[in-house]
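Keep in mind that this is a model prediction, so the values were computed, not measured.
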Amino acid sequence: MITLYHNPRCSKSRQAKALLDEAGVDYQTRLYLKENLSVADFTGVLVALGGKPMDHLRRGEDAFARLPADAGIEQIAQALHADPILLERPVLLTPKGAAVCRPPERVLTLL
């Protein structure tokens, strides 16, 4: 299953979604700002993305400044649950891997 964590107000996210649509890919869209995802959901996204969980956050958000620099995955997942705007977007999860798709064309490498 391919899943796009999407924010329709974000131009990069809209571009990534358009690329998936143009490719005719069957995928699920998660509107993570509206769906009230659980801490476990966000933990799963962070694990799938790999690397340092802090690297998958939007640093310009107020909630980012409230996180300690050494925050671990559990603390970051809890922060995402409380303030999902923190998640860098768009995020694509596929059987081939997961990535923050900036630039949006990165979705094509995961298909």
Side-chain donor-acceptor pairs under 3.5 Å in residues 42-56, sequence neighbours left out?
unit_1 : atom_1 : unit_2 : atom_2 : d
Thr43  : OG1    : Val39  : O      : 2.9
Asp55  : OD1    : Arg59  : NH2    : 3.4
His56  : NE2    : Gly50  : O      : 2.7

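- For residues 97-107, every residue pair satisfying the side-chain hydrogen bond (donor to acceptor under 3.5 Å, both in side chains) rule, not counting sequence neighbours, is listed here: Glu88-Arg102.
- Note on Ile2: it does not cluster hydrophobically with Val91, by side-chain heavy-atom contacts below 4.5 Å among ILVMFWY residues.
- Leu37 is not connected to Leu92 by any chain of hydrophobic side-chain contacts under 4.5 Å among Ile, Leu, Val, Met, Phe, Trp and Tyr, and they are in different clusters.
- Between Pro84 and Leu33, the closest heavy-atom pair is C-CD2, 3.7 Å.
- In terms of the side chain to side chain contact (heavy atoms under 4.5 Å, CB included) criterion, residue partners of Ala63 (sequence neighbours excluded) are, by chain and number, Arg66, Asp83, Leu86.
- Legend: salt bridge (Lys or Arg N to Asp or Glu O under 4.0 Å) pairs involving residues 29-40, not counting sequence neighbours, sorted by first then second residue: Arg30-Glu35.
- The side chain to side chain contact (heavy atoms under 4.5 Å, CB included) search around Pro68 returns Asp70, Ala71, Gln75, not counting sequence neighbours.
- With contacts defined as side-chain heavy-atom distances shorter than 4.5 Å, the pair Arg89/Lys12 does not qualify.
- Annotation: side-chain hydrogen bond (donor to acceptor under 3.5 Å, both in side chains) contacts of Ser38 (sequence neighbours excluded): Asp41.
- Hydrophobic cluster membership is shared by Leu67 and Ile85, with clusters built from Ile, Leu, Val, Met, Phe, Trp and Tyr side chains linked at under 4.5 angstrom.
- Membership of an apolar cluster is not assigned to Leu31, as no side-chain contact below 4.5 Å to another ILVMFWY residue is traced.
- Shown here are the salt bridge (Lys or Arg N to Asp or Glu O under 4.0 Å) partners of Glu61, two or more places apart in sequence or in another chain: Arg58.
- Nearest heavy-atom pair, Tyr32 versus Asn7, reported as atom, atom and distance to 0.1 Å: OH-CB, 3.8 Å.
- Within the structure, every pair that satisfies the side-chain hydrogen bond (donor to acceptor under 3.5 Å, both in side chains) test and touches residues 13-23, not counting sequence neighbours, is listed here: His6-Ser13, Lys17-Asp21, Lys17-Tyr27, Asp21-Tyr27.
- Between Leu4 and Leu20 there is a side-chain heavy-atom pair separated by less than 4.5 Å.
- Between Leu110 and Thr94, the shortest heavy-atom contact is O-OG1, 3.2 Å.
- In this structure, the side chains of Leu19 and Val25 stay at 4.5 Å or more apart for every pair of heavy atoms.
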